[in-house]
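Side chains are part of it too, since the values below use all heavy atoms of this structure and drop only hydrogens, waters and symmetry mates.
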Amino acid sequence: MRLFPWPKGLKRTLFTCKDRESVSKIHAFMIVSGLFSDKTCNGQLVATYGRMGEIEWARKVFDKLPQRGIDAWNAMIIACSRKGCQAEVMDLYHEMILEGVRPDSSTFTVALKACASLSDLETGEEIWHQAVECGYECDVFVGSSFLNLYAKCGKMEEALSVFNKMPRRDLVSWTTMVTGFAQSGHAHEAINFYRMMRGEKMEGDGVVMLGLIQACANLGDAKMGLSIHGYMIRREIHMDVVVQTSLVDMYAKTGHLDLASRVFNKMRYRNVISWSALISGCAQNGFAGDALELLIKMQSFGFKPDLVSLVSALLACSQVGFLKLGRSIHGYIVRRLDFERVSGTAVIDMYSKCGSLSCARALFDRISSRDSISWNAIISSYGIHGQGKEAISLFLQMMNTNLKPDHATFTSLLSALSHSGLVEEGRYWFDLMVCEFKIQPREKHYACMVDLLARAGRVEEARDLINAMTSEPGIAVWVALLSGCQNHRKSLIGEMAASKVLELNPDDPGIYALVSNFFATARRWDQVAGVRKVMKQIGIKKVPGYSVVEVSGKLTAFIMEDKSHPQYEQIVGILEKLEKEMRAMGYIPKTELVLHDLAEEVKVRMLSYHSERLAIAFGLLNTAPGTRLLITKNLRVCGDCHEATKFISKIVDREIVVRDVKRFHHFKDGICSCGDYW
DNA sequence: GTAGGGTTAG
């Protein structure tokens, strides 16, 4: 008896199978009836298992087939491709060629896709030649896949030349170009290509719009992103979870977290990636608390955090100096996920920014395969902890590997040298970077050098370096010059730098604070008043300084003269007692650092209740004797607090670690690791 | 018409 009106019925019956059991029944029947040996039939069986994601079953059948035709090969290859097993796709492809089976359009398409995701340009080009030989040169599927190979390998010029030669282009070919440009940092070209595509009367779908959204994210152009978003709504272009997630990402990357959350909250379906996009957006924009809250919230929605969301959470911990949580996330990563390079670098960064340089180093030493990112991370770790010599030594060790230092490595190195005041070394390595390594200095490198020179009092040299820049100097270099001028009382150059920074960033409250402090240090109160007036006129408020301290696994923040804390009385008591002892040891308040025109005793009072002192006192009050304290400050640490903390570390016999916006200070036994150079 | 273009981080 025949179960199937064969062979069309077999195909239809296989297609209606919903689970593995029902396929297995047909599978058994095929063996019994001899259809299993028929190569126009058995491919269907492999394809059916593959479609269900039952790749092991597909493979088992495939391996047992007595006769394997193109259908069986394609089915097996497509099954692997769907599972993301690109290496297997390639193995099968080569095996198939060896068996003398002639690939068809689908085979070439899938094989090229595999090469693209493996970034295997060479094999991909070889396969293209084979496709041409087999007569698929004009096939739009094969052509687009070849295009995609170049795009994925960042070879947009080659991609363009393939694109121009294509006799027929469809939406996918155009999208490949748009996305390729967007992802290789050529956002303008991406947008131009989309315009050309529209010129050919081609209607866009969600995928091509996604390429444009990425381009906007890269350009930081929220306005255009918003208009693309609006266009999709008006045209009723379907937005699936991928497109919506990319909108969240775009808004977050352009700093519009309100819009990012609005899109996120409206999403009907979310996945781990959508959560991660928002979490990383919060972390990247400095909203550490929100990022960590979302990490908890995503779990209450049943999503297990992945590596990306955990890395973002680590970033959030780094920002606020939340060592305890950072450590437990580290533990979680080790237990649950494969711990390697990517997370390794983030964990190194977290430990170092949370004050544990030794933990950072221990982890770095344990990484089996270090890439330049991990080297950069450890070099800059030593930098922010003020150990410039060790940073150089690590840099030299890196040169002994086959890794090449890049612009980021030099940024880490130069900033390390700047924090340690190693001026001559800085000049040496800067020249070597340009002459030997042929790396064009970027804004950041100049900023490090200007900082290095100006901080060391060589303000004129710093100015000359800026004047010799080939590119237009940006905000960072002028800020560095201005701070140097403030420290070394260089009013003429300082005034010039002040007008530059105000010209470049007229909306930045930090800039106004800097300029106002510069004039206050020079006791030019009329100028200070002038700056304040401008701030008032254009409605800019100064960023309040605050300090955060971790006590028994919780973070507590203090702002200056913060009386709201329940333990305020005790905190003041500790500070008063300490101040008496400090004075007896020779501490004199640096009232010249109070940048207001006030009476002397008011200045002393203001200094005594700076946020970092409140945080230290709170820490002393609530931790066991001998416990190390970690304070994180959102601005630079104040000079008087720096002096006072040295005394406090000796009086209470504790290690006090203060992280300010730029670097670390380790206070112990009355001295600071920075050697008072900062 | 089974195949090609897409999301998060360091």
Side-chain angles (χ1 to χ4, degrees), chain A residues 11 14-15 43-44 46-48 50-51 70-71 74-75 77-79 81-82 89 103-114 116-117 136 139-149 151-152 159 169-180 182-183 197 204-214 217 239-250 252-253 260 264 267 270-281 283-284 291 298 305-316 318 340-350 371-374 376-377 408:
Chain A
K11 189 172 172 182
L14 275 169
F15 201 78
Q44 291 301 328
V46 180
T48 307
R51 239 191 335 263
I70 180 69
D71 289 341
N74 278 351
I77 292 177
I78 290 162
S81 173
R82 282 207 181 150
V89 170
D104 69 0
S105 164
S106 311
T107 330
F108 285 124
T109 302
V110 181
L112 283 168
K113 178 189 173 162
S117 43
Y136 291 106
D139 185 299
V140 68
F141 273 72
V142 179
S144 296
S145 306
F146 187 45
L147 199 60
N148 183 46
L149 172 73
K152 279 281 144 26
R169 301 166 193 129
D170 64 6
L171 181 59
V172 175
S173 332
W174 281 98
T175 308
T176 307
M177 292 305 285
V178 171
T179 310
Q183 294 185 342
M197 181 193 114
D205 67 356
V207 183
V208 71
M209 300 317 262
L210 185 139
L212 294 176
I213 294 166
Q214 286 179 327
M239 287 185 257
D240 63 10
V241 56
V242 179
V243 175
Q244 287 176 318
T245 300
S246 77
L247 282 169
V248 171
D249 177 58
M250 181 273 296
K253 282 209 177 104
F264 181 82
M267 286 172 73
R270 302 182 191 116
N271 57 26
V272 182
I273 300 177
S274 346
W275 283 94
S276 302
L278 190 61
I279 291 174
S280 102
Q284 302 280 322
M298 81 181 273
D306 64 348
L307 203 55
V308 178
S309 40
L310 291 167
V311 164
S312 303
L314 282 172
L315 179 68
S318 311
E340 247 317 296
R341 265 207 307 278
V342 179
S343 55
T345 305
V347 180
I348 287 173
D349 200 58
M350 182 279 294
D371 61 4
S372 56
I373 299 173
S374 26
N376 294 352

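- In the set dG6(B), dA3(B), dA9(B), dA9(B) carries the atom at the smallest distance from any side-chain atom of S312(A).
- What separates CG of D104(A) from C1' of dT2(B) is a distance of 10 Å, to the nearest Å.
- Across all strands shown, V140(A) has heavy atoms under 4.0 Å from base atoms, whether or not it also approaches the sugar-phosphate.
- Under 4.0 angstrom from either OP1 or OP2 of dA9(B) there lies at least one side-chain N or O belonging to S280(A).
- Of the candidates dA9(B), dG5(B), dA3(B), dG5(B) carries the atom nearest the N148(A) side chain, counting heavy atoms from C-beta on.
- When rounded to the nearest whole Å, the span between CZ of F141(A) and P of dA3(B) equals 9 Å.
- No side-chain donor from either of N148(A) and S145(A) sits under 3.5 Å from a side-chain acceptor of the other.
- Distances were taken from every side-chain heavy atom of V243(A) (C-beta onward) to each of dG6(B), dG4(B), dT7(B); the shortest belongs to dG6(B).
- Each of dG5(B), dT8(B), dG4(B) was ranked by its minimum atom distance to the side chain of A277(A); first place goes to dT8(B).
- Checked against dT2(B), dA9(B), dT7(B), the side chain of R82(A) finds its nearest nucleotide in dT2(B).
- Neither OP1 nor OP2 of dT2(B) sits under 4.0 Å from any side-chain N or O of N74(A).
- Put simply, CD1 on I279(A) is 19 Å from P on dT7(B), counting in whole angstrom units.
- Residue M209(A) contributes atom CE, which lies 16 Å from atom P of dT7(B) at whole-angstrom precision.
- Closest to the side chain of N271(A), out of dA9(B), dT7(B), dG4(B), is dT7(B).
- The side chain of D249(A) sits closest to dT8(B) out of dG4(B), dT8(B), dG6(B).
- If you check the side chains of T107(A) and D104(A), you find a donor sitting under 3.5 Å from an acceptor.
- In this structure, the separation between NZ on K253(A) and CD on Q214(A) is 8.0 Å, given to the nearest 0.5 Å.
- Contact annotation: side chain of D349(A) to base of dG10(B), donor-acceptor pair absent below 3.5 Å.
- The phosphate of dA9(B) (OP1 or OP2) has a side-chain N or O of K253(A) nearer than 4.0 angstrom.
- S276(A) comes within contact range of at least one nucleobase, with a heavy-atom separation under 4.0 Å.
- No contact: V248(A) has no heavy atom under 4.0 Å from any strand.
- The residue D306(A) sits close to a base: some heavy atom pair falls under 4.0 Å.
- For I373(A), whose side chain is taken as the heavy atoms from C-beta onward, the closest listed nucleotide among dG10(B), dG6(B), dT8(B) is dG10(B).
- The side chain of Q183(A) contributes no N or O atom lying less than 4.0 Å from OP1 or OP2 of dG5(B).
- A close approach under 4.0 Å does not occur between any side-chain nitrogen or oxygen of Q244(A) and OP1 or OP2 of dT7(B).
- Note on R270(A): every side-chain N or O is 4.0 Å or more away from OP1 and OP2 of dT7(B).
- Closest approach to the T245(A) side chain among dA3(B), dG4(B), dT7(B) is made by dT7(B) (side chain taken as heavy atoms from C-beta onward).
- For a distance-only test at 3.5 Å, the side chain of T109(A) fails to qualify as a donor-acceptor partner of the base of dG4(B).
- Put simply, the side chain of D371(A) gets close to the backbone of S374(A): a donor and an acceptor are under 3.5 Å apart.
- Checking the phosphate oxygens (OP1, OP2) of dG5(B), a side-chain nitrogen or oxygen of K113(A) falls inside 4.0 Å.
- The backbone N or O of V308(A) sits less than 3.5 Å from a side-chain atom of S312(A), completing a donor-acceptor pair.
- As a whole-Å value, the separation of I213(A) CD1 from dG5(B) P is 19 Å.
- For S145(A) and dG4(B), a side-chain-to-base donor-acceptor distance below 3.5 Å is absent, hydrogens and geometry of angles not being considered.
- With hydrogens and angles ignored, no donor-acceptor pair under 3.5 angstrom links the side chain of N376(A) to the base of dG10(B).
- With distances taken from any side-chain atom of K152(A) to the nucleotides dG10(B), dG5(B), dT7(B), the minimum falls on dG5(B).
- Atom P of nucleotide dG5(B) and atom CE of M197(A) are separated by 17 Å, given to the nearest angstrom.
- Within the 4.0 angstrom heavy-atom criterion, base atoms lie near L171(A).
- Judged by distance alone, the side chain of D249(A) and the main-chain N or O of A252(A) form no donor-acceptor pair under 3.5 Å.
- Note: CD1 (I77(A)) to P (dG4(B)) measures 12 Å, nearest angstrom.
- A donor-acceptor distance shorter than 3.5 angstrom exists from the side chain of S117(A) to the backbone of A114(A), with no hydrogens or angles considered.
- Residue I273(A) is in base contact, counting any heavy-atom pair closer than 4.0 Å across all strands shown.
- A donor N or O paired with an acceptor N or O is found under 3.5 Å between the base of dG5(B) and the side-chain atoms of D205(A).
- Closest of all the heavy-atom pairs between I279(A) and A291(A) is O-CB, 3.8 Å.
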